[in-house]
Amino acid sequence: MSEEQLLELRGCVEDIVFRNSTNGYSVLTMDCDGIAATAVGSMTDVNIGDDLRLVGIWKIHPGYGEQFSFRYYEHQMPSTAASILKYLSSGAIKGVRRSTAKKLVDTFGENTLAIMQKQPERLEEIKGISREKALKISAEINRIFGMKEVMLYLEKYHISALEAVRIWKNFGDSSIQMIEENPYVLCDESIAVPFERADAIAAALERPDDDEYRVRAGIIYIINYNSNNGHTCLPLDKLTEVTASFLKIDKKKIAEMIDKMQNEAALICDEIDERIYAFLPHVYKCEMYSAERLLLMKQFPAESLKGIELALETFEKSNGITYAALQRKAITEAMSGGLLILTGGPGTGKTTTLNAIIELYKQSGLKVMLAAPTGRAAQRLSEVTGCESKTIHRLLEVEWDNNDRPRFTRNERNLLDCDALILDEMSMVDSALFESVLRALPLGCRLIMVGDSDQLPSVGAGNVLGDLIASGQIPVVALTEIFRQSMQSLIVTNAHKIVHGEMPEIRRTDNDFFFMSNTVPYSISEQITELCAKRLPSAYNFSPVSDIQVLCPGRKGELGVTELNKKLQQVLNPPSDEQNEIRMPVYVFRTGDKVMQTKNNYDLPWEKDDGSEGTGVFNGDIGIIESIDKAAKSAVIRFDDRRVQYNSDNLLNVELAYATTVHKSQGNEFDAVVMPVHYGPPQLYYRNLLYTAVTRAKKILIIVGNVNVLKQMVDNNKRTARYSGLRAFLERGGGNVS
């Protein structure tokens, strides 16, 4: 929405149809010189009777018609005695009722509001208004109209209305003073203005490059930036060097600020493997809590269940199963100690082992709960166990705070009602989520963690599964034997070859793993398109949309997600007169397109086919566009049995999903996976990424590309190193803060 497109709307608030107290989003009915208008946007402290100036654009809502969507707003001082009387009589100012309003306007006329703001002592001229009440009235009107000054001040720095609301909520009428004293307060997570924009404001205010506030904010920014890359901490020497380079100041200034932040407990430094690491306090406490809670569970294990061997033998006979030695070991460990990590690649009997653990728990009278990090992973867990499974967020009964951060209802004060918890897809669980699970576990509750340590690590910060295994402090059973029926699958046997650094078998053409040699990117793209559109549907009766998934190492280039999505869409869902379409910045969306949500949106309402309702669509959810309203630039997207209405703003967080990255595919399985392999960034072409892609395929896997690149991926075992503290804290059994 460029500046030259913005329009202005002035009017009086007739009604507040809706207001979200969390983010200030409001729907207003406005009287604009006798013409009714609906305005929508984020604001604070607006009441019926307020005169407003709004800046934004007109939009068409599919259900509610024309609306003025504003980016900025400001209060307008009523200028005539009549309008001032109307405003004060509305109850907008605490302590001023209709009778008092009339006395004020009768006495001060058109100067009433100015006197209330700047000369509160004169209000004592009105009978019934004491000095104390006069000061309170003045403070209230200054608080309300102070927002106007703040909005105008922030507008020149391109601060949005939503950000301005957050600033006002945090600092009130001290907002301008706070920003001018320290522009970097805007980087606080409750406001979330990017560092670069706060830095631009500081530059405009002519603050020096080595300003203490800037140095402190820069250190926190670098730690948070690396947190987004999976690190829970950073080596102190690296933090100092990178921050100095980023801020373009001397390293000595960084070191001095780090010392100061340590003294203030704004930063925690700890020695791990003879190297000092810096943590933000809440992250340090998170990993330390997890370590101490697990060690406590190990020290005081759940009571061993009786008759384990007999129960297992009886279960084997009744189900016609004979468990292998490692499977029996895992089942016995789960029944005796109750704290276990169960790992294994495809075809090693992980699911069969897990089903035995769950069934024997139930036979012993234990209440068992199952959970996984994502909706699709939870759904798969339900399918293979026959038991209800929830997402971890749903299990912990998530709510969202004012900054859209998760806050769990289930915690130390409201524990989960279970005797055993099964957590699947542990490789996807980050440090913060794992801590939240542990806080909600009752004492004596069994915890079985299931995962594949050779898959990609979590998107969020931490290396939970890897650290737990590496610490040697938690019982681990790694299933390694590939069972006979699974050995018939090349997907399974090749996955194990890859993870052990061996080239997969690529010459065979009579199984479920195929390699198609091609060294020309354009030709690879054409071949993948033909496979998805014609050959696989014809040979296996697969649906190109619901059964086949193209997985790419990265997003860029001719064989990246973006370009392949456009090419696949052109073949699988081309434009036609019968279909509406919406043109977005990257893609054109059409009815019938396969799409993916790319960012968590906790407020999006959905409705199920059975009429039940709820909110929340999450990063990685895959759906189909059911309908499009071209005029309103809106769409209805179906995610399994949920239908969600999207407006043009929400559609910015949706992308085509005929092709997606391997990272985005975690927790999912597809009947057929097609993967392009060609030269690209080394950080995207490594063994674990290839292994993860291969294990996403249930029935057919086809790799199209350069055999030399495939070999490079198998040979490249340089996993992206993650700095974290959980392993060290587990190994030493507690903290050692320096």
Side-chain angles (χ1 to χ4, degrees), residues 302 305 307-308 310-324 326-335 338 340-397 416-429 437 441 445-452 477 479 483 485-486 489 492 546-547 608-610 612 639-642 666-671 695-699:
L305 298 174
I308 296 173
L310 178 60
L312 181 51
E313 288 174 11
T314 304
F315 183 79
E316 283 181 318
K317 288 178 183 177
S318 62
N319 289 276
I321 298 173
T322 301
Y323 288 104
L326 284 173
Q327 290 180 301
R328 295 182 71 88
K329 181 182 178 183
I331 296 166
T332 303
E333 188 73 49
M335 300 292 284
L340 173 68
I341 296 172
L342 176 63
T343 72
T348 56
K350 202 165 47 179
T351 298
T352 311
T353 306
L354 182 60
N355 279 330
I357 292 170
I358 294 169
E359 187 56 37
L360 291 174
Y361 275 167
K362 288 182 175 180
Q363 288 180 14
S364 300
L366 301 185
K367 184 172 182 180
V368 184
M369 287 184 171
L370 287 75
T374 66
R376 291 207 165 223
Q379 183 179 338
R380 272 184 43 236
L381 183 59
S382 293
E383 290 167 357
V384 299
T385 62
C387 303
E388 181 190 14
S389 176
K390 300 178 179 179
T391 63
I392 295 175
H393 282 77
R394 186 177 162 211
L395 177 82
L396 300 179
E397 299 175 16
L416 290 168
D417 181 19
C418 64
D419 304 303
L421 176 63
I422 312 290
L423 284 184
D424 197 16
E425 295 287 358
M426 274 296 296
S427 63
M428 299 174 67
V429 177
V437 170
L441 280 186
C445 181
R446 298 163 192 275
L447 178 62
I448 309 300
M449 296 168 280
V450 185
D452 187 342
V477 176
L479 303 177
F483 288 95
Q485 62 270 29
S486 296
S489 165
V492 172
S546 58
D547 298 329
K608 285 192 174 183
D609 295 336
D610 62 7
S612 59
F639 298 93
D640 297 323
D641 61 344
R642 296 172 298 154
Q666 277 189 279
N668 290 338
E669 282 187 344
F670 311 96
D671 283 345
T695 55
R696 298 308 89 207
K698 290 194 290 186
K699 297 179 180 178

I'd like to check the side chain to side chain contact (heavy atoms under 4.5 Å, CB included) partners of Ser389; sequence neighbours left out, ordered by chain and number.
Leu370, Ala378, Leu381, Ser382
Heavy-atom check, side chain of Ile422 versus side chain of Asp424, under 4.5 Å:
no
Is the side chain of Tyr361 donor-acceptor paired with the backbone N or O of Ala334 at a distance under 3.5 Å, no angle test?
yes
Verify, without hydrogens or angle tests, whether Lys350 (side chain) and Gly344 (backbone) share a donor-acceptor contact under 3.5 angstrom.
yes
Considering all heavy atoms, the nearest Phe315-Gln363 contact
CD1-NE2, 4.1 Å
Looking at side-chain heavy atoms only, is the closest gap between Leu305 and Leu366 below 4.5 Å?
yes
Are the side chains of Ile358 and Cys387 in touch, meaning some heavy atoms are under 4.5 Å apart?
yes
Got Thr374 and Met428 here, is their nearest side-chain heavy-atom distance under 4.5 Å?
yes
Minimum heavy-atom distance Ala330-Leu342, with the two atoms named:
CB-CD1, 3.9 Å
Is the side chain of Glu333 donor-acceptor paired with the backbone N or O of Leu340 at a distance under 3.5 Å, no angle test?
no
The criterion is side chain to side chain contact (heavy atoms under 4.5 Å, CB included); which residues satisfy it with Asp671, sequence neighbours excluded?
Phe542, Asp547, Lys698, Lys699
I need the Ser364 OG to Glu359 CD distance, nearest 0.5 Å.
10.0 Å
Note, Ser427 side chain near Asp452 side chain (heavy atom, < 4.5 Å)
no
The complete set of salt bridge (Lys or Arg N to Asp or Glu O under 4.0 Å) pairs with one or both residues in residues 365-379, sequence neighbours excluded, reads Lys367-Asp417
Would you name the heavy atoms of Leu479 and Gln327 that are closest together and state the gap between them?
CD2-N, 3.9 Å
